[in-house]
There are 2 protein chains.
Amino acid sequence: MKKQAKLTNTEFCRNRIIAINDTMQVLSGKWKFHIIGTLLIGGKMRFMDLLREVEGIGSKMLSKELQDMEMNQLVTRTVLNTKPITVEYEITSYGRTLEPIIDEIAQWGAAYREALHKSDD
Amino acid sequence: MKKQAKLTNTEFCRNRIIAINDTMQVLSGKWKFHIIGTLLIGGKMRFMDLLREVEGIGSKMLSKELQDMEMNQLVTRTVLNTKPITVEYEITSYGRTLEPIIDEIAQWGAAYREALHKSDD
DNA sequence: GACACTAGTTTCCTTAAAGAAACTACATGC
DNA sequence: GCATGTAGTTTCTTTAAGGAAACTAGTGTC
């Protein structure tokens, strides 16, 4: 008889794994945290604003990531009747619920850097 | 004069972005959360135990991810003097500090799934 | 009429991540 | 001596992610 997994076979674990995967899929890629973070500070922002603020991103990536996030209801996209037309992106209240996660991640990262620094003896 | 980024140019923002990138690099890849989660429940675990518990992972990936995490001081690796030799992996106290992040992410994912479910009208 | 702005899309290319299967190497048990 | 268990490594292949540059298409400015 072969050995089998036991820990992971509990309902709790399976659901937890699925939940983590869900979140990480929504936040997948190199840029989502960065875009969300920028929108959290900047409020309503236009495409070109984001392109300038999110350092290093290209228009293709930005466009794709925003579409992704719009589908996941993290941001709204509003076309304004200006000339030339402008498009406003804004984080949704739902998207805002990501703030605690982002904060924790930022805090951990800062502490990590501190710890690395201290161990440089 | 071209328009320039302003929001992201603050010290605070730059550091925050760096901190987030640090964390995400430490947790990068498909498997780290899963492995850490398993070790958090399982305590000391051997290579083959992890291979069985972390559903779907192959030995190459597991080996690589564990090496990564050992370098980042999230887990310890102890070779036991048994025959055949066994190797014990355990999460460090430092690795344990990731627990709040993982919890938040899991909670958010669960809430997300709930929300999706409700909007299925 | 050339240039700059708006918001993207398209094409082409490179790199990184991941997986499957085979292989090393040693030990125990039947 | 053959299967099974330990802990990985190696090779080969596929897939996904990301980036640079050019392009569309319309408006306004000098």
Side-chain angles (χ1 to χ4, degrees), chain A residues 1-6 17 20-21 24-36 38-39 42 44-72 75-90, chain B residues 1-6 17 20-21 24-36 38-39 42 44-72 75-90:
Chain A
M1 185 122 106
K2 282 196 180 175
K3 287 188 185 177
Q4 282 193 329
K6 339 176 187 175
I17 290 160
I20 291 171
N21 286 345
M24 293 321 291
Q25 205 171 314
V26 166
L27 295 176
S28 68
K30 196 177 168 183
W31 298 107
K32 299 238 174 59
F33 281 103
H34 204 331
I35 296 170
I36 293 170
T38 307
L39 282 170
K44 290 180 183 173
M45 295 181 74
R46 286 173 302 152
F47 187 83
M48 290 305 285
D49 291 333
L50 281 167
L51 201 55
R52 277 185 288 263
E53 294 292 343
V54 180
E55 208 179 301
I57 200 171
S59 53
K60 185 186 100 176
M61 271 297 123
L62 180 57
S63 168
K64 195 211 119 210
E65 297 292 63
L66 286 169
Q67 277 173 35
D68 254 42
M69 290 163 66
E70 199 194 347
M71 276 202 299
N72 288 323
V75 300
T76 54
R77 178 181 182 275
T78 318
V79 179
L80 298 180
N81 190 21
T82 53
K83 17 185 182 160
I85 55 153
T86 48
V87 180
E88 243 173 33
Y89 290 93
E90 192 177 11
Chain B
M1 188 121 104
K2 281 197 180 174
K3 288 188 186 177
Q4 282 193 330
K6 342 177 188 173
I17 290 160
I20 291 171
N21 286 344
M24 293 321 291
Q25 205 172 315
V26 166
L27 295 175
S28 69
K30 197 178 168 184
W31 297 107
K32 299 238 174 60
F33 281 103
H34 204 331
I35 296 170
I36 294 170
T38 306
L39 282 171
K44 291 179 183 172
M45 295 182 74
R46 284 174 302 153
F47 187 83
M48 290 305 285
D49 290 334
L50 281 166
L51 201 56
R52 277 184 288 264
E53 294 292 343
V54 180
E55 209 179 301
I57 201 171
S59 54
K60 185 187 99 177
M61 271 296 123
L62 180 57
S63 168
K64 193 210 119 210
E65 297 293 61
L66 285 170
Q67 276 173 34
D68 254 42
M69 291 163 66
E70 199 194 348
M71 274 202 301
N72 288 322
V75 300
T76 54
R77 177 179 182 276
T78 318
V79 180
L80 299 180
N81 189 22
T82 54
K83 18 183 184 159
I85 56 154
T86 49
V87 180
E88 243 173 32
Y89 291 93
E90 191 176 12

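Proteins come first, then strands; the chains are lettered A, B, ... in the order of their sequence lines, and each starts at number 1.
Just one residue in the list A/L39, A/T38, A/I35 forms a side-chain contact (heavy atoms from CB on, under 4.5 Å) with A/E53, and that residue is A/T38.
Set against C/dA18, D/dA7, D/dG18, the side chain of B/K60 has C/dA18 as its closest nucleotide. For B/Y89, whose side chain is taken as the heavy atoms from C-beta onward, the closest listed nucleotide among D/dG8, D/dT6, C/dG19 is D/dG8.
Contacts between residues 77-84 of chain A and DNA chain D, defined by a heavy-atom separation below 4.0 Å, involve A/K83, A/P84, listed by number.
Annotation: side-chain hydrogen bond (donor to acceptor under 3.5 Å, both in side chains) contacts of B/N72 (sequence neighbours excluded): A/Y112.
For the pair B/L27 CG and C/dA17 C1', the computed distance is 16 Å after rounding to whole Å. Here D/dA21 presents its P atom at 16 Å from CD1 of A/I57, a figure rounded to the nearest Å. Remark: C1' of C/dT6 and CE of A/M45 are 15 Å apart, rounded to the nearest angstrom. The CE-C1' distance, from B/M61 to D/dT13, rounds to 13 Å in whole Å. Rounded to an integer number of Å, the gap from A/L66 CG to D/dG18 C1' is 16 Å. A straight line from CG of B/L51 to C1' of D/dA7 spans 10 Å, rounded to a whole angstrom. Summarising the geometry, the separation between CD on A/E53 and P on C/dA7 is reported as 14 Å, rounded to the nearest angstrom. Atom pair B/K30:NZ and D/dA16:P shows a separation of 10 Å (rounding to whole Å applied).
The closest donor-acceptor contact from the side chain of B/K64 to the backbone of B/K60 lies at 3.5 Å or more, if one exists at all. Panel note: side chain A/T76, backbone A/E90; a donor-acceptor pair is recorded below 3.5 Å.
The side chain of B/Q67 places no N or O atom within less than 4.0 Å of a non-bridging phosphate oxygen (OP1 or OP2) of D/dG8. Here B/R52 reaches the OP1 or OP2 of D/dT6: one of its side-chain N or O atoms lies under 4.0 Å away.
As judged by a 4.0 angstrom heavy-atom cut-off over every strand, A/G29 is placed among residues touching the sugar-phosphate backbone only.
Atoms CD and CE, on A/Q67 and A/M69 in that order, are 12.0 Å from each other to the nearest 0.5 Å. Rounded to the nearest 0.5 angstrom, B/M61 CE and B/L66 CG are separated by 11.5 Å.
In this structure, A/Q25 and A/N21 have side chains that are not in contact, with every pair of non-hydrogen atoms separated by 4.5 Å or more.
Toward the 5′ end of DNA chain D lies the nearest nucleotide of B/T86, the other residue of the pair B/T86 and A/S59 mapping further downstream.
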